[in-house]
Each structure stands twice: as structure tokens, then as C-alpha cells.
Amino acid sequence: MTRNPAARDQANMLEKCLRILQAFRSGDRHLRLVDLAERTGMPKSTVHRLAGVLIDQRLLTQDQDGYQLGLALFELSSLVPVEHQLRLAALPFLQDLFMATHETVHLGVREGLDVVYVEKIHGHSDLGLPSRVGGRLPLNCTGIGKALLAFSNDEVRTDFLARPLRRITEKSIVDPARLLRELAEVRATGLAFEREEATPGRECVAAPVLVQGEVVAAMSISVPASAYRMPHLAAAVKTSALGLSRYLRNAQELRHGGPRSARRESDYRTAPRIVSMRST
């Protein structure tokens, strides 16, 4: 059945509005009108008109530096069931990890070929990091991405490695064979390392969050490359990721099980979540 002209116009307007919102990429705080026009391929007059509609709906805001994403998007994103529940469950573990290290910690999930950051707690040395809540980066360029990719099924890895690998810095891994070897090491150790592959001068270590053998998320710590403490940080992030994995598994069993599951979760709530990170 053919759509009527009014319905086609509405669908066309919606598609164009989405193109404007999707023009924002990880690290973008503001975009000028000319930037939005260039990235969407639409005339500046069209972008200006539709941006006004998005501002009215609080999906965009505008100031002297240009346009930025609006609060309504954050409010909507917090209602997405999986990410919302995951954030609520993970936040105590992320806070413990931050308090133990005072470095930037992340929680991310895989969406297609990218990491999408679900939560982030800024550390004392956070300057220059491209990550932001709701932002995305290529899987091959981040510790979280490698952890997610390593513990995904063979079909996901094969599909990802069959595509051209994206580069963010000179140290990004764009050789499929090298990345495949690194993913095998991640599966063997339960830890993924990123060495200035997303941001020059920054390194991170990540660990997967596994529930019933399936990777649902990954957690990471990011530090300046000059402050190398990876062995200590690796132990901390792995402990925290294992704690979140256990919590999510127990919560799942509680929903589908009986008193045993309830007792195990009650016991776990009183258990320590992370090892001490005092410097020696």
C-alpha cells in the first residue's frame, strides 16, 4: 500500500532529524551548523530548521559554541531496560574500583562493531579521553572492546575480522592476524590490554563480565602510560568484573530459582567486592 504524501513527509523529516543526532560522534561536545551540514549531507538551511525542532523537544541545545545533544536524550537512554539495569547493578562495583585506584573506570557493552559506554567514573587523570557515556569506539581500539570481542561467539569475531579494522591512533591494531592472536591471549588470561590505541599517552586494562558463559559487558581502568601500574590494576579490574558477574548470575538465579539462590545472593551482598590497592 502506498503511503500518503503527509506520511512520507513525516518519515522523511524523522530520518533527517535522526541524521542530525547521529552526526555527533565520540568526543564531540559541540558541533557548528556547518559541521552538521557537512556530516549529514543536508543544506544548512534544512539543518537549521530541523535543529530548531530538536531544540524544542530538548533533544538538542544551542549556545555560542554551537549545538550539543540535549538532556532529553540522556533521560531516554536511562530508560533502556538492559543498559539501565546493568548500570544500576554495576555502579557499586565501579565505585569500589574507582575508590581503590582513583583512576577512570568504564563499563561498556557491544553494539555491532563498536563499544558503547554505559557508565564512566572520571579519575584524576582523565584529560583527553575520548570516551563518554553513550559514546562509542571501535572494538579493536579499546580494552573493553577486545574483552567483549574475545568472549563473543566465533561468528561475531569472524564477521568483525573480515571487515577493515578502523584506526584511531598510530598504535591501533589494524592487522587481523595480530588482533586474532591478542584475542586468544585475552581468552586465556581473562584480561585485555590497550596501549595508546585509542588515545596517545593512555593505556587501559579490561575484564569481561560473564553470565552463564556469555559476555554481557566489560569493565576497564584507564591510566596515563607514564604511570604504569598494570599488574596491580589488572588484579583490581578482574576482581571487580568477577564480582559483578557473580552478582548478575545470582540475580538471574534468584529470578528463576528458589531459597538457595536467595541465600547465595544474601551471602554475596555482605562479601567484599574488591581487593585493596594500596601502593607497596
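Residue numbers run from 1 in the order of the sequence given.
- Atom CG of L148 sits about 11.0 Å away from atom CG of L183, to the nearest 0.5 Å.
- Taking the salt bridge (Lys or Arg N to Asp or Glu O under 4.0 Å) definition, one finds that K171 meets it with E196, sequence neighbours left out.
- Under the 4.5 Å side-chain criterion, counting only non-hydrogen atoms from C-beta, L60 is in contact with I20.
- Under the salt bridge (charged side-chain N to carboxylate O under 4.0 Å, His left out) criterion, the residue pairs touching residues 174-187 are K146-E182, with sequence neighbours excluded.
- A search for side chain to side chain contact (heavy atoms under 4.5 Å, CB included) contacts involving V156 returns R110, L149, S152, N153, not counting sequence neighbours.
- Checking side-chain atoms of T46 against main-chain N and O of M42 turns up no donor-acceptor pair under 3.5 Å.
- Not a single salt bridge (Lys or Arg N to Asp or Glu O under 4.0 Å) links E155 to another residue, sequence neighbours left out.
- Counting only heavy atoms from C-beta outward, the side chains of L161 and L180 approach each other to under 4.5 Å.
- In terms of the side chain to side chain contact (heavy atoms under 4.5 Å, CB included) criterion, residue partners of V186 (sequence neighbours excluded) are, by chain and number, A150, F151, A192.
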Tell me, with the steps shown, if L191 and V205 meet side-chain contact (heavy atoms from CB on, under 4.5 Å). CA-CA 7 Å; L191 290 166; V205 57; 4.0 Å; yes
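- Here the straight-line distance linking atom CG of D96 with atom OG1 of T239 works out to 11.5 Å at 0.5 Å rounding.
- Judged by distance alone, with hydrogens and angles left aside, the side-chain atoms of R202 form a donor-acceptor pair with the main-chain N or O of S222 at under 3.5 Å.
- Put simply, V53 and L14 are part of two different groups of oily side chains (I, L, V, M, F, W, Y) that touch within less than 4.5 Å, one to the next.
- A side-chain donor-acceptor contact under 3.5 Å links S172 to the backbone of T169.
- Here the side chains of F98 and I221 are not in contact, with every heavy-atom distance at 4.5 Å or above.
- Contact record, P43 with A37: C-CB, 4.5 Å, taken as the closest heavy-atom pair.
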What do the steps show when you test L244 against L107 for side-chain contact (heavy atoms from CB on, under 4.5 Å), and what is the final call? CA-CA 11 Å; L244 178 56; L107 181 75; 4.2 Å; yes
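- In this structure D63 satisfies the salt bridge (Lys or Arg N to Asp or Glu O under 4.0 Å) test with no other residue, sequence neighbours excluded.
- Contact between L86 and A217 at its shortest, heavy atoms only, is CD2-CB, 3.8 Å.
- Closest heavy-atom contact between T142 and A198: CG2-CB, 4.4 Å.
- Looking at heavy atoms from C-beta onward, N140 lies out of side-chain contact with L113 at the 4.5 angstrom threshold.
- Annotation: side chain of R163 is in contact with side chain of D159 (closest heavy-atom distance under 4.5 Å).
- Across all non-hydrogen atoms, the minimal contact from P138 to I168 is CD-CD1, 3.6 Å.
- Distance alone, capped at 3.5 Å, is enough to place a donor-acceptor pair between the S245 side chain and the L210 backbone.
- Using a 4.5 Å cut-off between side-chain heavy atoms of Ile, Leu, Val, Met, Phe, Trp and Tyr, with links allowed through other members, F93 and M99 fall into the same hydrophobic cluster.
- Residues V109 and I144 form no side-chain contact, since every pair of their non-hydrogen atoms from C-beta on lies 4.5 Å or further apart.
- Partner L31 forms a side chain to side chain contact (heavy atoms under 4.5 Å, CB included) with one of R39, E38, Q68 and no other, that one being R39.
- Connection of L21 to I55 is established within a shared hydrophobic cluster, with ILVMFWY side chains joined at heavy-atom distances below 4.5 Å, either directly or through further cluster members.
- Judged as a side chain to side chain contact (heavy atoms under 4.5 Å, CB included), and not counting sequence neighbours, the contacts of Q95 are L91, I121.
- In this structure, K120 contributes its side chain and G108 its backbone to no donor-acceptor pair below 3.5 Å.
- Cluster annotation: M13 is connected to L54 through the hydrophobic network of ILVMFWY side chains, with a link wherever side-chain heavy atoms come within less than 4.5 Å.
- Remark: Q212 pairs with Q252 by the side-chain hydrogen bond (donor to acceptor under 3.5 Å, both in side chains) rule, at least two apart or across chains.
- For E119 and R87, the salt-bridge test passes: some basic side-chain N is under 4.0 Å from an acidic carboxylate O.
- Under the rule for a side chain to side chain contact (heavy atoms under 4.5 Å, CB included), the partners of L33 that lie at least two apart in sequence or sit in another chain are K44, V47, H48, Y67.
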Derivation of the side-chain contact (heavy atoms from CB on, under 4.5 Å) call for R136 and V115: CA-CA 5 Å; R136 58 177 64 217; V115 175; 6.0 Å; no
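- In this structure, R195 and C204 have side chains that are not in contact, with every pair of non-hydrogen atoms separated by 4.5 Å or more.
- Legend: salt bridge (charged side-chain N to carboxylate O under 4.0 Å, His left out) pairs involving residues 10-19, not counting sequence neighbours, sorted by first then second residue: E15-R19.
- Distance check, rounded to the nearest 0.5 Å: OG of S240 to CE of M219 gives 4.0 Å.
- Partners of R166 by salt bridge (Lys or Arg N to Asp or Glu O under 4.0 Å), not counting sequence neighbours, listed by chain and number: D114.
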Before giving the answer on side-chain contact (heavy atoms from CB on, under 4.5 Å), spell out for V209 and V215 the whole-Å C-alpha distance, their side-chain angles and the decisive distance to 0.1 Å. CA-CA 6 Å; V209 177; V215 62; 5.9 Å; no
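- Across all their heavy atoms, L97 and T101 have their closest contact at O-OG1, 2.8 Å.
- The shortest non-hydrogen separation linking A207 to A147 is C-CB, 4.2 Å.
- The side-chain hydrogen bond (donor to acceptor under 3.5 Å, both in side chains) test applied to R32 returns D35, not counting sequence neighbours.
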